[in-house]
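Structure first, commentary second.
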Amino acid sequence: MRDSYHDRLDLLMADLLEMTDRVRTAVQDATRALAEADVQLAESVISGDQAIDALASEVEQTGFSVLAISSPVAGDLRMVTSGLRVVMALERMGDLAAHIAKIARLRYPDPAVPPRMMDSFLRMAEVAEAMVATAGRTLQDRDADTAAQLDANDEQMDKLRRDQFVEILGDDWDEGVAAAVDVALLGRYYERIADHAVSVGKRVVFLVTGIQPSEQN
C-alpha cells in the first residue's frame with residue numbers, strides 16, 4: 001500500500017513536470033505562429049491544448065485518489081494540495097497559449113502583430129517562456145528561494161505591457177482599431193501567463209516552507 005501511495009505521488013510530480021514542459025513549448029510555438037503567420041503551427045498549438053487538458057485531468061485524478069485513499073499528512077499533504085493548485089495554473093497557461101495561436105490563425109495570411117510591435121511581443125514571449133521554465137525547475141528542485149523571485153521577474157512583463165499601451169494610445173498609432181485590439185488582447189494573454197507562473201512559484205514556496213502565500217493572482 002505504501003509503495004502504491006508513493007508511486008502515486010511520484011506520478012503526480014512527473015505529470016506536473018511534463019505539463020510544465022508542454023506549456024512552455026506551447027507558448028514558444030504560439031509565438032512563432034504569431035511572428036511568422038504560420039497557420040499550421042497555430043493549428044498545432046490549438047489542437048495540442050487538448051493534450052494539456054487531458055494531462056491536467058490525470059493529475060487531478062491522481063491527486064484526488066491520494067487524498068481519498070491514503071490520507072496524507074504534513075509534507076505529502078502539501079504536495080498534493082499544491083499540485084492540484086499548480087495543475088489549474090498550468091492548464092490555464094495552456095489555454096492562453098491557444099488563445100494566442102487563435103489570433104494568429106484569425107489574421108492569417110497577414111501577421112496579427114504590426115511590425116513596429118513585434119520586438120515587444122518577442123520580448124514578452126521570452127520573459128513568459130523563461131518564467132514557465134523557472135516555475136518547472138523550482139517545482140522539480142523544491143527551490144523556494146528561486147520560486148519567490150518569480151514575482152520580481154513578473155515586473156518585466158508588467159513594464160512591457162505598460163509600454164504597449166503607451167504605443168497603441170499614442171498620437172502616431174496608424175495601424176487601425178483591429179490591430180490595437182489584437183495588441184491589447186495578446187499583451188493580456190502573455191501577461192496572464194506570467195501571472196500564473198508566479199502563482200506556481202507561490203505554491204512551491206508553500207510546498208517547501210509550509211507558509212501559505214498571499215493570493216494575488
Distance, nearest 0.5 Å, that separates [atom1] of [X] from [atom2] of [Y]:
X      : Y      : atom1 : atom2 : value
Gln50  : Leu55  : CD    : CG    : 13.5 Å
Arg92  : Asp53  : CZ    : CG    : 10.5 Å
Leu11  : Thr62  : CG    : OG1   : 4.5 Å
Arg105 : Asp38  : CZ    : CG    : 13.0 Å
Asp95  : Lys102 : CG    : NZ    : 8.0 Å
Thr134 : Asp143 : OG1   : CG    : 9.5 Å

Seminar exercise, completed: Contacts of Asp21 meeting salt bridge (charged side-chain N to carboxylate O under 4.0 Å, His left out) (sequence neighbours excluded), chain-then-number -> Arg24
Search all heavy atoms of [X] against all heavy atoms of [Y] and return the closest pair with its distance.
X      : Y      : result
Ala135 : Ala197 : CB-O, 4.2 Å
Ala30  : Ala101 : CB-N, 4.2 Å
Asp154 : Ala194 : OD1-CB, 3.2 Å
Thr31  : Ala125 : OG1-CB, 3.2 Å
Leu150 : Gly201 : CD1-CA, 3.9 Å
Val205 : Ala144 : CG2-O, 3.7 Å

Are [X] and [Y] close enough that some pair of their side-chain heavy atoms sits under 4.5 Å apart?
X      : Y      : value
Val87  : Glu60  : yes
Ile193 : His196 : no
Phe121 : Leu186 : yes
Arg142 : Val204 : no
Met124 : Gln156 : no

Under 4.5 Å between side-chain heavy atoms, hopping through other hydrophobics if needed: is there a path connecting [X] to [Y]?
X      : Y      : answer
Ile100 : Ile46  : no
Met93  : Val86  : yes
Ile52  : Leu41  : no
Leu169 : Leu185 : yes
Val45  : Ile103 : no

[Y] backbone acceptor or donor facing [X] side chain under 3.5 Å:
X     : Y      : answer
Arg32 : Ala37  : no
Thr20 : Leu16  : yes
Ser82 : Met79  : no
Arg85 : Arg203 : no

For this session: Decide side-chain contact (heavy atoms from CB on, under 4.5 Å) for Leu160 and Tyr190; before the verdict, give the C-alpha distance in whole Å, the side-chain angles of both, and the deciding distance to 0.1 Å.
Result: CA-CA 10 Å; Leu160 287 165; Tyr190 282 107; over 6 Å; no
Do [X] and [Y] sit within salt-bridge range, that is, some charged N less than 4.0 Å from a carboxylate O?
X      : Y      : answer
Asp172 : Arg116 : yes
Arg107 : Asp182 : yes
Asp195 : Arg192 : yes
Asp163 : Lys159 : yes

Exercise. Are Phe165 and Val183 close enough, and set up right, to give a side-chain contact (heavy atoms from CB on, under 4.5 Å), and what steps lead you there?
Worked result: CA-CA 9 Å; Phe165 271 115; Val183 167; over 6 Å; no
Exercise. Stepwise, does the side-chain contact (heavy atoms from CB on, under 4.5 Å) test hold for Met13 with Gln140?
Worked result: CA-CA 8 Å; Met13 181 56 66; Gln140 183 174 30; 5.9 Å; no
For this session: Only counting residues at least two apart or in another chain, list the ones meeting side chain to side chain donor-acceptor pair (under 3.5 Å) with Glu18.
Result: Arg22
For this session: Mind running side-chain contact (heavy atoms from CB on, under 4.5 Å) on Leu84 and Phe64 for me, showing each step along the way?
Result: CA-CA 9 Å; Leu84 291 173; Phe64 291 141; 3.7 Å; yes
For this session: Give the other cluster members for Val39, using side-chain heavy-atom distances under 4.5 Å between Ile, Leu, Val, Met, Phe, Trp and Tyr residues; answer none if it is isolated.
Result: Tyr108
Exercise. Are side-chain N/O atoms of Arg8 and Ser4 paired as donor and acceptor at under 3.5 Å?
Worked result: yes
For this session: Would you indicate whether Glu36, at its atom CD, is surrounded by more than 12 heavy atoms from other residues, nucleotides or ligands within a distance under 6.0 Å?
Result: yes
